[in-house]
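Read the structure below first, then the notes.
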Amino acid sequence: MKVLVVGTGAREHAIADALKDDVELYCYMSKVNPGISKIAEFAQGDEGEIEKVAKFAVDNNIDIAFIGPEAPLGKGIVDELEKNGISCVGPSQSAARIETDKSFMRKLFEDYNIEGSLVYKVFDNYDDVSAFLDDFDRDVVVKPVGLTGGKGVKIVGDHLKDNHEAKEYSKEVIDNAMGGFTQVIIEERLIGEEFTIQAFCDGTHLAPMPAAQDHPHAFEGDVGAITGGMGSYSDKGGLLPFLSQDDYDKAVKIMEATLEAIAKEAEPYKGILYGQFMLTADGPKLIEYNARFGDPEAMNVLPLLKTPLTDVCQAIVDGSLDKVEFNDKASVCKYIVPEGYPETSHGGELIEVDEKAIEELGAKVFYAAVGLEDDGIHLSGSRALGIVADGDSIEEAEKIAEKACACIKGNVYHRSDVGTTDLVNKRVEHMKEILN
């Protein structure tokens, strides 16, 4: 079987790595990924130029295309590929609105009475935002309606001082059509612990993966700017230390109800559905959906797959998805970034990556936003690579991952607290306080 992975980053490297032993692997990527280029035939080009991607797929007789990033999904890459006879793991443009149009997602919950929603309003002018916030006596979250690469969300009490600053940021979002819409979503701020459940979907059936928790803040101790994600962990049993089986099951039911609603309102959803939840005193609440694997969370779950990813892809395409099995391990992912990220002056600099030493420690490296040139691997201004390890406990996996992070030399930084016992216990204690 010939499989095409579309995308450039660590998420796509993890997908390609999970497929490499069972298929003839191809990749279409905007930059040459040092890891993917070793294991796949590839073409370099803009993944958003969907007609060119489709031509590459047709020219190489691709059987299945696996779409990594959200932007091509929003442009209708699956529709274009399927029009050319290429089956896809990824939702159609219509179904991908679950991520690309947050107002569509919230209205879906409203129209179909899906549990786990929250108080929200969509606005297209400053006066209405101002009037609403003058009367709303709780902290809020301000979100652009469209795609902003995980960096457009601002929270009162975190990035914004008060609801007055929320008004000003809302005006900025609307005036600049941030995310491609002259609209903004104002949501109540939820108090609890965030967690992620990703699931394979074939349009009708949903196969959930182990839960994971991301660390979006740039610096240790959960401070600093919200980034694309500085690392994540998962635990044995598919749960998290603060997440019960009952809460996990409730979150999965929310996702199953969403899958049914998308099929009625848009088209059957095929691919990866990523649910970002907040565990609150009232149970899990849905913060937002992504229409693809998370980055870094893909790196937690894909190396643990027991069911071959090739078989899962075929089942998604055929509509015959059943339970997907994972090895019962914990995992920890730590992102290596340029020093000072997200505001960094080290873009373009060389780094050294001792892949052999990382492998000998029992860890994996997945390359993200780096450049491969004749003299080696160069940083960009974004996340450079993910280091992932698994173990019989989060503590064991964290220790291996932390040792492996020392195998990268250069002006780089990583959150050494991701997956540590102290930080995990902080999450557990926080949840206990909320529930008592």
Side-chain angles (χ1 to χ4, degrees), residues 106 109 113-120 136-143 153-163 166 186-198 208-217 219-224 226 229-257 274-289 294 297 300 328 330-332 392-398 415 417-436:
R106 285 293 170 208
F109 270 60
N113 296 312
I114 300 171
E115 291 185 11
S117 193
L118 42 78
V119 175
Y120 82 99
F136 199 70
D137 61 357
R138 283 170 279 165
D139 289 346
V140 298
V141 179
V142 182
K143 294 181 176 182
V153 176
K154 292 201 175 179
I155 303 166
V156 171
D158 197 341
H159 319 90
L160 304 169
K161 187 171 71 176
D162 51 29
N163 280 2
I186 310 286
E187 296 177 352
E188 65 172 313
R189 182 184 181 184
L190 298 172
I191 303 300
E193 283 295 329
E194 289 188 27
F195 67 95
T196 297
I197 296 177
Q198 302 167 106
M209 306 181 212
Q213 186 178 45
D214 182 26
H215 297 66
H217 289 88
F219 306 122
E220 293 183 7
D222 297 326
V223 297
I226 293 288
M230 291 295 293
S232 48
Y233 67 91
S234 67
D235 201 1
K236 287 186 74 170
L239 303 175
L240 294 168
F242 59 83
L243 182 70
S244 71
Q245 186 67 52
D246 184 53
D247 288 324
Y248 177 93
D249 292 344
K250 284 178 181 174
V252 170
K253 283 182 181 175
I254 291 168
M255 296 176 76
E256 288 171 341
Y274 168 116
Q276 184 183 6
F277 293 91
M278 183 76 80
L279 183 58
T280 72
D282 299 318
K285 302 283 185 181
L286 193 281
I287 299 173
E288 64 183 21
Y289 281 120
E297 297 97 327
N300 291 103
D328 191 21
S331 70
V332 171
D392 288 325
S393 66
I394 297 170
E395 182 180 20
E396 182 184 331
E398 187 277 329
R415 277 190 59 174
D417 62 346
V418 171
T420 58
T421 301
D422 284 349
L423 194 57
V424 172
N425 285 344
K426 180 182 167 186
R427 305 280 196 260
V428 173
E429 291 305 313
H430 182 225
M431 206 62 237
K432 281 180 182 174
E433 287 173 20
I434 290 166
L435 294 172
N436 289 335

Checklist entry - What heavy-atom pair brings Y233 and P241 nearest, and what distance separates the two atoms? => result CE1-CD, 4.0 Å
Next on the checklist: Determine whether I191 and T280 satisfy the following criterion, side chain to side chain contact (heavy atoms under 4.5 Å, CB included), listing intermediate values before the conclusion.
Outcome noted: CA-CA 6 Å; I191 303 300; T280 72; over 6 Å; no
Checklist entry - Are the side chains of M255 and P208 in touch, meaning some heavy atoms are under 4.5 Å apart? => result no
Checklist entry - How about Q213 and E193: does a side-chain donor come under 3.5 Å of a side-chain acceptor? => result yes
Next on the checklist: What's the separation between atom CD1 in I197 and atom CG in L286, rounded to the nearest 0.5 Å?
Outcome noted: 10.5 Å
Next on the checklist: Within the 4.5 Å heavy-atom criterion, are N163 and V140 side-chain neighbours or not?
Outcome noted: yes
Item to check | Where V142 and I186 come nearest, the two heavy atoms and their spacing | outcome: CG2-CD1, 4.0 Å
Checklist outcome for this item: Heavy-atom nearest pair, K236 first then D392, reads CD-O, 2.9 Å
Next on the checklist: How long is the straight-line distance from NZ of K253 back to CD1 of I114, given to the nearest 0.5 Å?
Outcome noted: 14.5 Å
Checklist entry - After noting the C-alpha distance and the side-chain angles of E188 and R138, does the key distance pass the salt bridge (Lys or Arg N to Asp or Glu O under 4.0 Å) rule? => result CA-CA 7 Å; E188 65 172 313; R138 283 170 279 165; 3.3 Å; yes
Item to check | H215 side chain vs G231 backbone, donor-acceptor pair below 3.5 Å | outcome: yes
Next on the checklist: I'd like to know whether V223 forms a side chain to side chain contact (heavy atoms under 4.5 Å, CB included) with H217, so could you lay out the CA-CA distance, the side-chain angles of the two residues, the decisive distance to 0.1 Å, and finally the verdict.
Outcome noted: CA-CA 6 Å; V223 297; H217 289 88; 5.7 Å; no
Checklist entry - CD1/I254 to CZ/F109 distance, rounded to the nearest 0.5 angstrom? => result 6.0 Å
Next on the checklist: Using a strict threshold of under 4.0 Å (side-chain N to carboxylate O), is an ion pair present between R427 and D422?
Outcome noted: no
Item to check | Exercise: identify the closest heavy-atom pair between A397 and A330 | outcome: CB-O, 4.1 Å
Checklist outcome for this item: Residues at least two apart in sequence or cross-chain that pass salt bridge (Lys or Arg N to Asp or Glu O under 4.0 Å) with E395, listed by chain then number, are K399
Checklist entry - For G237, does its backbone N or O pair with a side-chain atom of D328 as donor and acceptor, under 3.5 Å? => result yes
Checklist outcome for this item: Nearest heavy-atom contact between D235 and L239 is CB-O, 3.3 Å
Item to check | Value rounded to 0.5 Å, distance of OH in Y289 from CD in Q198 | outcome: 13.0 Å
Checklist entry - Can you list the residues that meet the side-chain contact (heavy atoms from CB on, under 4.5 Å) rule with Q276, with sequence neighbours excluded? => result E194, Y274, I287, E288
Checklist entry - Under 6.0 Å between ring centres, would you say that holds for H430 and F242? => result no
Item to check | Atom pair CG (L423) and CG (D222), whose distance is rounded to the nearest 0.5 Å | outcome: 5.5 Å
Checklist entry - Do K426 and E429 meet the salt-bridge criterion of a basic N to acidic O distance under 4.0 Å? => result no
Checklist entry - Nearest 0.5 Å, what's the CD-CG distance between E187 and D139? => result 13.5 Å
Checklist entry - Of the non-hydrogen atoms in V332 and E398, which two are nearest, and what is the gap between them? => result CG2-N, 3.7 Å
Checklist entry - Does any donor atom in the side chain of N300 or S232 lie under 3.5 Å from an acceptor atom in the other side chain? => result yes
Next on the checklist: Restricting to side-chain contact (heavy atoms from CB on, under 4.5 Å), what partner residues turn up for P284, sequence neighbours left out?
Outcome noted: F195, D247, K250, A251, F277, L279
Item to check | Check: Y120 and V141 side chains under 4.5 Å, non-hydrogen atoms | outcome: no
Checklist entry - Between K285 and E115, does at least one N-O distance fall below 4.0 Å, as a salt bridge requires? => result no
